Amino acid sequence: MFRNPQSALPALAAVPAAEPEADAASRRVRRHAGIAALLFLPALVAAKVFLLSTEEGTRCLMTGRCRPFPGVFFLVLLAAVVASYVVVWAAPRRFRKGALTVQLALEALAVLTVLAYP
């Protein structure tokens, strides 16, 4: 019926230590990159719907006389967005904030490209 006081030590050693601040910041940057990636497609759709609700967009849709959309540029832009997302997840810690900034800037440029061409 006697308890060994040494048997409680391994249970205390199994408690995880507090997470370092650098890991928390890294996780936060990755989470922001994921949220931005998830909201990218709805932002493109919303931009297109907004554009088609304008007078010029409706006229373009009804008559079919629109300026040609720069498809190759847009595909290169999408590839760059995907590459920057991968860099956020795979790069060393010191490059992640910069890659997130580049990802957000490229996503904004893609949305503005959709808004510029009805």
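All of these numbers come straight from a predicted model, not from anything done at the bench.
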Please give me the minimum heavy-atom distance between [X] and [Y], naming the atom from each residue.
{"X": "A37", "Y": "Q103", "answer": "N-NE2, 3.8 Å"}
{"X": "L61", "Y": "C66", "answer": "N-SG, 4.5 Å"}
{"X": "P118", "Y": "G57", "answer": "CB-CA, 4.0 Å"}
{"X": "S84", "Y": "L106", "answer": "OG-CD1, 4.3 Å"}

For atom CZ of R94, is the number of surrounding heavy atoms from other residues, nucleotides or ligands below 6.0 Å larger than 12?
-> no
Within a reach of under 6.0 Å around CZ of F50, are more than 12 heavy atoms found that belong to other residues, nucleotides or ligands?
-> no
Are [X] and [Y] in one and the same hydrophobic cluster, where Ile, Leu, Val, Met, Phe, Trp and Tyr link if side-chain heavy atoms are under 4.5 Å apart?
{"X": "L115", "Y": "F69", "result": "yes"}
{"X": "V87", "Y": "V81", "result": "no"}
{"X": "L109", "Y": "L104", "result": "no"}

To the nearest 0.5 Å, how far apart are [atom1] in [X] and [atom2] in [Y]?
{"X": "S26", "Y": "R96", "atom1": "OG", "atom2": "CZ", "value": "3.5 Å"}
{"X": "L52", "Y": "K48", "atom1": "CG", "atom2": "NZ", "value": "5.5 Å"}
{"X": "E107", "Y": "L41", "atom1": "CD", "atom2": "CG", "value": "10.5 Å"}
{"X": "L77", "Y": "F73", "atom1": "CG", "atom2": "CZ", "value": "5.0 Å"}
{"X": "Y85", "Y": "R30", "atom1": "OH", "atom2": "CZ", "value": "10.0 Å"}

Please examine the side chains of [Y] and [X], heavy atoms only from C-beta on, and report whether any two atoms are closer than 4.5 Å.
{"X": "S53", "Y": "T58", "answer": "no"}
{"X": "F95", "Y": "V102", "answer": "no"}
{"X": "F74", "Y": "V114", "answer": "yes"}

Apply the test side-chain contact (heavy atoms from CB on, under 4.5 Å) to residues L78 and F40: give CA-CA distance (whole Å), side-chain angles for both, the deciding distance (0.1 Å), then the verdict.
-> CA-CA 10 Å; L78 290 180; F40 180 54; 3.4 Å; yes
